[in-house]
Amino acid sequence: MKSSDDSWTEIIKPKRGWLDINIQEIWRYRDLIILFVRRDFVSIYKQTILGPLWLFIQPLFTTFIFYFVFNQIAKISTEGVDPILFYLSGITLWNYFSDCFSKTSNTFVANASIFGKVYFPRLTTPISIVISNLIKLGIQVVLFVIIAFYQVTFNHASININSTILLLPVLILLMAIMGLGMGILFSALTTKYRDLSFLLTFGIQLLMYATPIIYPLSFTTGKLHQLLSYNPITPIIENFRYSFFGIGTFDVGGLIYSTIFSISVLFIGILFFNKVENKFMDTV
Amino acid sequence: MQVIKVENLFKQYQLGQVSTGTISHDLNRWFHKIRGKEDPYEIITGENAREEKGTSNYVWALKDINFDVKQGEVLGIIGRNGAGKSTLLKILSKVTAPTKGTIKIRGRIASLLEVGTGFHPELTGRENIFLNGAILGMSKSEIRSKFDEIVAFSGVEKYIDTPVKRYSSGMYVRLAFAVAAHLEPEILIVDEVLAVGDAEFQKKCLGKMKDVSNQGRTVIFVSHNLVAVKSLCKRGILMERGGITFMGSADETVEHYMKVNAEQLNPSISFESPTDAPGNELIKIKTVSVEPTNPFITDEISIHFSFWNFSNDPSIFLAFDLFDLHEEVVFGSGFKFETGPDNICQGTCVIPADLMNDGVYSIQLYFNSSEMRPLINLSSVISFEIADKERNYAYFGKINGAVRPKLKWIP
């Protein structure tokens with residue numbers, strides 16, 4: 001090999017361009033992503049007595065709380081759907097989105113000690129979070145199916161599954177993309193403006209109430225209804241309930257809107273993340 | 001063939017509370033930028049000198065660094081704390097980006113700024129080998145093919161399926177190093193953090209570095225440990241205050257560094273007349289000096305004393321304590337001086353060769369009358385460094401102890 005200028009394999013420069021994204025490199029580190037997923041999964045439940053049972057307990061508890069507060073006390077309609085199933089389905093899907101969002105949103109701060117010592121494509125960390133939460137979602141979906149089966153058999157709950165259920169993977173993928181995109185966008189911004197991380201906790205909570213999790217979209221009217229349909233997660237939840245319970249309508253327009261939103265937010269997120277990636281150590 | 005080429009490299013850091021005022025600074029930057037002006041915070045002023053308080057909130061940790069490394073070369077980078085060595089390593093390892101300039105690299109680069117990065121206490125040794133290996137850039141199949149070797153090297157076979165939180169710290173470090181040692185990059189960057197740990201670990205660590213360089217791979221080694229640099233490296237770079245001040249063979253660089261250090265020490269004081277000499281109305285110091293000025297541990301070291309005695313007592317008892325850098329007294333010694341012509345007393349204390357450990361020492365003086373009545377005490381009168389010699393065995397770390405006498409060993 002001659003030492004001509006073009007034979008350099010890598011050039012370290014001060015500033016990265018906005019579009020200087022190395023997808024190939026992330027692919028090369030795919031083993032690391034898998035190992036991160038494994039680590040997250042093994043380490044979270046290793047010290048607990050109930051272990052992975054918490055994956056079941058968490059959504060069930062929330063469901064019961066919602067059942068008492070919103071169904072028994074506030075008497076909010078669930079459009080004839082068994083309230084337990086109604087809440088559990090909403091919570092299961094919502095939790096996936098909010099976990100992806102909140103856990104990827106502190107990527108830089110939480111991993112500062114590793115990031116400060118060794119280089120690997122930083123995007124591997126949020127990607128691994130989205131994947132490990134996907135496994136968690138899978139387990140919780142199984143729980144949902146079991147509870148649904150129980151409710152149908154013993155409590156005469158009615159479900160109405162139709163062919164649109166085949167779109168479930170797409171719905172989940174959209175939530176993953178949206179959660180990841182928003183999370184990494186936030187993580188990039190919080191390296192400089194820490195206050196944002198405090199806002200995030202409130203923001204996610206607020207967003208949940210602005211999503212038809214504890215009430216059906218049809219429960220709202222007028223301006224509020226309009227506002228809620230701007231929420232890109234609304235069509236995902238609504239479409240799932242249509243395909244499983246047969247309530248509401250299948251909203252193709254909403255789904256296209258969600259798709260465009262998800263892809264755009266992921267793109268913007270990656271741009272910001274990439275921009276911050278190589279100098280955040282100085283500000284963290 | 002050059003494998004690394006560093007060109008006009010600069011790195012700026014912001015001092016103090018980073019988050020305060022960043023929005024206003026960002027706006028100010030942006031405002032300058034749209035008017036086509038230079039970044040107001042990038043004007044080069046403050047040096048990387050921590051002793052002096054700069055006026056600017058920004059310092060240049062690296063200023064105009066240029067060097068290149070050829071294939072198979074073992075380059076040592078030395079310098080005092082805060083000289084910019086670690087910043088340079090961080091940029092080379094892609095942990096942080098430079099402010100200006102470029103680094104061109106040919107080949108796969110791996111850096112060991114720390115061992116065991118990403119080790120998770122809940123995971124077993126086996127799981128951590130894979131995780132740590134992947135973080136360092138190895139693929140799963142690469143790690144699998146070296147797995148047995150890594151385990152054997154670490155010597156923790158028995159505990160490989162135990163969570164590492166149950167490991168002793170020694171086992172933990174050994175396992176972590178075993179993974180790092182089996183990296184096979186074309187360019188290896190090693191920070192001196194590796195030089196901590198017990199002697200056996202250091203031996204393995206430095207031995208492995210020798211292996212790596214013998215295989216024709218390139219190594220950049222940052223250290224305070226001059227003996228290790230001299231023994232392992234062919235070339236050296238000396239960094240001071242964010243810049244390169246010397247480049248040459250490792251021996252020359254170390255020598256230069258010691259000379260620079262010695263200049264900052266104060267191995268002798270000398271005064272012509274008693275008027276401006278330190279002391280009081282009874283005792284004034286004329287000279288205190290060390291010979292040779294830059295002694296090695298194998299040298300006989302003489303400390304010359306002379307002072308003016310204006311007390312009525314014809315003989316003065318002078319004692320000194322030799323302090324090390326930790327402000328601990330290594331030993332004390334004293335002698336009764338008789339006053340000569342012009343009220344001058346003089347004498348020399350000889351410290352035998354092969355007694356002192358390497359390090360920086362200072363001297364505190366105690367002047368007493370012949371009845372041991374204290375006349376004056378003077379602290380840190382002179383300071384000097386005793387340097388280590390090259391060794392012909394594989395341990396290059398600091399040898400423990402206040403003193404390091406050469407003792408008789410009988411086989």
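Each chain gets a letter, A, B and so on, in the order the sequences are listed, and its residues count up from 1.
- The candidate from B:Met138, B:Lys11, B:Arg108 with the greatest count of non-hydrogen atom pairs under 4.5 Å with chain A is B:Lys11.
- To the nearest 0.5 Å, atoms NZ (B:Lys5) and CD1 (A:Ile11) are separated by 11.5 Å.
- By the side-chain hydrogen bond (donor to acceptor under 3.5 Å, both in side chains) test, B:Thr124 is found to be paired with B:Glu127, residues two or more places apart in sequence or in another chain being considered.
- Between the side chain of A:Thr9 and the backbone N or O of B:Ile105 there is at least one donor-acceptor pair closer than 3.5 Å.
- Between the CD1 atom in B:Ile135 and the CZ atom in A:Arg39 there is a gap of 6.5 Å [rounded to 0.5 Å].
- Considering CH2 of A:Trp8 and CD1 of B:Ile4, their distance stands at 8.5 Å, rounded to 0.5 Å.
- Summarising the geometry of B:Val95 relative to A:Lys117, their closest heavy-atom pair is CG2-C, 3.8 Å, with the distance given to 0.1 Å.
- Contacts of A:Phe115 with chain B are made by backbone atoms alone, with heavy-atom separations under 4.5 Å and no side-chain atom involved.
- When all heavy atoms of A:Pro14 and B:Lys100 are compared, the closest pair comes out as CG-CA, 3.6 Å.
- The 12-atom threshold is exceeded at CD of B:Gln215, counting heavy atoms of other residues, nucleotides or ligands nearer than 6.0 Å.
- Summarising the local packing, CZ of A:Phe56 is surrounded by more than 12 heavy atoms from other residues, nucleotides or ligands at distances under 6.0 Å.
- Contact annotation for B:Lys165: only side-chain heavy atoms (C-beta onward) come within less than 4.5 Å of a heavy atom of chain A.
- At a 4.5 Å heavy-atom cutoff, B:Ile189 makes no contact with chain A through either its backbone or its side chain.
- Legend: residues meeting side-chain hydrogen bond (donor to acceptor under 3.5 Å, both in side chains) with B:Lys90, ordered by chain and number and at least two apart, are absent.
- Across all their heavy atoms, A:Lys13 and B:Ala97 have their closest contact at O-CB, 4.3 Å.
- Taking each heavy atom of A:Glu25 and B:Lys94 in turn, the nearest pair found is OE2-NZ, 4.0 Å.
- Contacts of residues 168-183 of chain A with chain B at a heavy-atom distance below 4.5 Å are absent; not one residue qualifies.
- The parts of B:Ser139 that come within reach of chain A are both its backbone and its side chain, each placing non-hydrogen atoms under 4.5 angstrom from that chain.
- Heavy atoms of A:Arg122 lying under 4.5 Å from chain B belong exclusively to its side chain.
- Only the backbone of B:Leu92 comes within contact range of chain A, judged by heavy atoms closer than 4.5 Å.
- The contact list for residues 30-38 of chain A toward chain B, using heavy atoms and a distance under 4.5 Å, reads A:Asp31, A:Leu32, A:Ile34, A:Leu35, A:Phe36, A:Arg38 by residue number.
- Contacts between B:Val3 and chain A at a heavy-atom distance below 4.5 Å involve the backbone alone (N, CA, C, O).
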